[in-house]
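All values reported here derive from a predicted model rather than from experimental measurement.
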Amino acid sequence: MTTTPSLPSASETSDLRTLARSLAMEAGALVRGSRPDEVEVAATKSSAVDPVTAMDRAVEDLLRRRLAARRPDDAILGEEGDDVTGTSGLTWVIDPIDGTVNYLYGVASYAVSVAIVAGDPDPARWTPLAGAVHSVVDGVTWTAAREQGADRDGLPVQVRRADSLATSLVGTGFGYEAERRAEQARVLRHVLPRVRDIRRLGSAAIDLCLLADGRLDLYYERGLNPWDMAAGGLVAVEAGAVLSGLDGAPATRRMTVAGSPDRQAELVALLEEAGA
Ligand code: LIP
């Protein structure tokens, strides 16, 4: 078992934030600059509707090459490639294109997500240090560093506190397996009548950042991979959100719920009531 190493200093963490930002923006420029008119599915993963494209792989390759050169002692956990081990106790958690289905269809909500964590690269135990989410189509970049706040293109962001759960705009998403979606639809039926409305935008990284800058009041999703939530989760927390799972558990693949403290607690209770 990997124990949590001593954490980098505040200025080292700030430098990691700057590196995450420049890597996410460079990778985003590659995606923006070379999206073919017709994007093809290169392969499928967990199901026939879980696609990977040549661009997912090209971006991940670029990020891995940059990290190997700039941070050779760090480990890497990425969506499209094999894990790379390291000696520093720190791991880069990267999602080359979060929202791949949107990228495939040309729907404008997809992002490059780059984060660095200390300890086991497992959401249940990791310590997120710094991260950046670059929204490719509109070029917006959110970043955060542990105990140093979060920003959108350099301007500080803060979660919005809705007056009530019933007036809360809630982001969510659905998995790639039909059985999982059927279960998520059952939970959604329980949630929808109790909130303002639902937004299914297709990228957890962007959803968590929209929450951070007050354009969603709450977010929940079951089945997120570590790379879907690493950077966006830190941006949300550094913007004042509470991020957790259900039944006192941390936010993991099992369930991720985020929002302003009291509204988040109410959504957690609603999801527990629904047996989510
Ligand atoms: C996506 C997530 C999204 C979820 C999708 C998918 P991907 O990640 O960001 O929240 O609803 O099913 O998992 O596969 O585009 O990296």
Side-chain angles (χ1 to χ4, degrees), residues 2 4-35 42-43 45 52-100 103 110-123 126-136 139-146 148 150-151 153-154 203 205-206 209 225-235 238:
T2 314
T4 304
S6 60
L7 300 178
S9 68
S11 73
E12 288 166 332
T13 304
S14 172
D15 293 345
L16 292 170
R17 180 186 194 167
T18 304
L19 177 56
R21 185 171 187 277
S22 68
L23 291 174
M25 292 181 73
E26 180 189 1
L30 171 67
V31 180
R32 206 172 20 256
S34 45
R35 184 182 184 282
K45 300 183 287 184
V52 59
T53 69
M55 187 59 80
D56 288 275
R57 292 173 174 164
V59 172
E60 178 134 344
D61 196 46
L62 170 71
L63 292 170
R64 284 170 180 262
R65 279 186 281 117
R66 294 285 183 269
L67 288 169
R70 299 282 301 272
R71 302 282 306 184
D73 301 333
D74 296 346
I76 299 174
L77 171 64
E79 177 166 10
E80 306 304 348
D82 300 331
D83 298 355
V84 172
T85 57
T87 56
S88 65
L90 307 182
T91 302
W92 291 88
V93 183
I94 58 176
D95 191 338
I97 301 181
D98 188 52
T100 298
Y103 172 73
Y110 49 91
V112 179
S113 177
V114 177
I116 183 163
V117 302
D120 283 348
D122 174 341
W126 65 18
T127 303
L129 299 173
V133 173
H134 176 75
S135 171
V136 173
V140 169
T141 307
W142 294 271
T143 78
R146 185 168 180 272
Q148 299 181 32
D151 75 284
D153 293 337
S203 160
I206 292 181
C209 291
N225 292 299
W227 42 80
D228 297 326
M229 58 193 286
L234 180 65
V235 170
E238 287 296 323

**Message:** Counting neighbours of CZ on R32 that are heavy atoms of other residues, nucleotides or ligands and sit closer than 6.0 Å, is the number greater than 12?
**Reply:** yes
**Request:** Verify, without hydrogens or angle tests, whether D98 (side chain) and S113 (backbone) share a donor-acceptor contact under 3.5 angstrom.
**Result:** no
**Prompt:** Under a 4.5 Å cut-off applied to non-hydrogen side-chain atoms, are R35 and V136 in contact?
**Reply:** no
**Message:** To check you understand the geometry: which heavy-atom pair defines the closest contact between L77 and P121, and what is its length?
**Reply:** CD2-O, 3.7 Å
**Asked** What distance separates I206 CD1 from D228 CG, expressed to the nearest 0.5 Å?
**Response** 12.0 Å
**Asked** Shortest non-hydrogen contact from E60 to G81?
**Response** OE2-N, 3.0 Å
**Prompt:** Which pairs with one or both residues in residues 7-23 pass salt bridge (charged side-chain N to carboxylate O under 4.0 Å, His left out), sequence neighbours excluded?
**Reply:** R17-D151
**Item:** Minimum heavy-atom distance G131-L234, with the two atoms named
**Value:** N-CD2, 3.8 Å
**Complete:** Between V93 and W227 the two heavy atoms that sit nearest each other are CG1-CA, 3.6 Å
**Asked** So, E80 side chain and V52 main chain: donor-acceptor pair closer than 3.5 Å or not?
**Response** no
**Item:** Approximate separation, where rounding is to 0.5 Å, of D74 CG and L16 CG
**Value:** 7.5 Å
**Fill in**
Separation between CD1 (I76) and CG (L90), nearest 0.5 Å, reads 12.0 Å
**Request:** Looking only at non-hydrogen atoms, find the nearest pair between V235 and T143 and report the distance.
**Result:** CG2-C, 3.9 Å
**Request:** Please confirm whether the backbone N or O of Q148 pairs with a side-chain atom of E238, one donor and one acceptor, at under 3.5 Å?
**Result:** yes
**Message:** Tell me if a side-chain donor or acceptor on S88 pairs with a main-chain N or O of D73 at a distance below 3.5 Å.
**Reply:** yes
**Asked** With side chains defined as the heavy atoms from C-beta onward, is the minimum distance between W92 and L63 less than 4.5 Å?
**Response** no
**Item:** Charged N-O contact under 4.0 Å between D61 and R57
**Value:** no
**Prompt:** What residues, two or more places apart in sequence or in another chain, satisfy side chain to side chain contact (heavy atoms under 4.5 Å, CB included) together with E26?
**Reply:** L62, R66
**Asked** Is there a side-chain contact between W126 and T91, using heavy atoms and a 4.5 Å cut-off?
**Response** no
**Fill in**
Across all chains, not counting sequence neighbours, the side chain to side chain contact (heavy atoms under 4.5 Å, CB included) partners of S34 are L30, M55
**Asked** Do you know the tightest heavy-atom contact between A118 and L7?
**Response** CB-CD2, 3.5 Å
**Message:** Within the supplied structure, the quantity of interest is the number of heavy atoms (other residues, nucleotides, ligands) at a distance under 6.0 Å from D82 CG; does it exceed 12?
**Reply:** no
**Message:** Treating D153 as the side-chain partner and T141 as the backbone partner, does any N or O pair qualify as donor plus acceptor under 3.5 Å?
**Reply:** yes
**Message:** Rounded at 0.5 Å granularity, tell me how far CG in D95 sits from CG in N225.
**Reply:** 8.0 Å
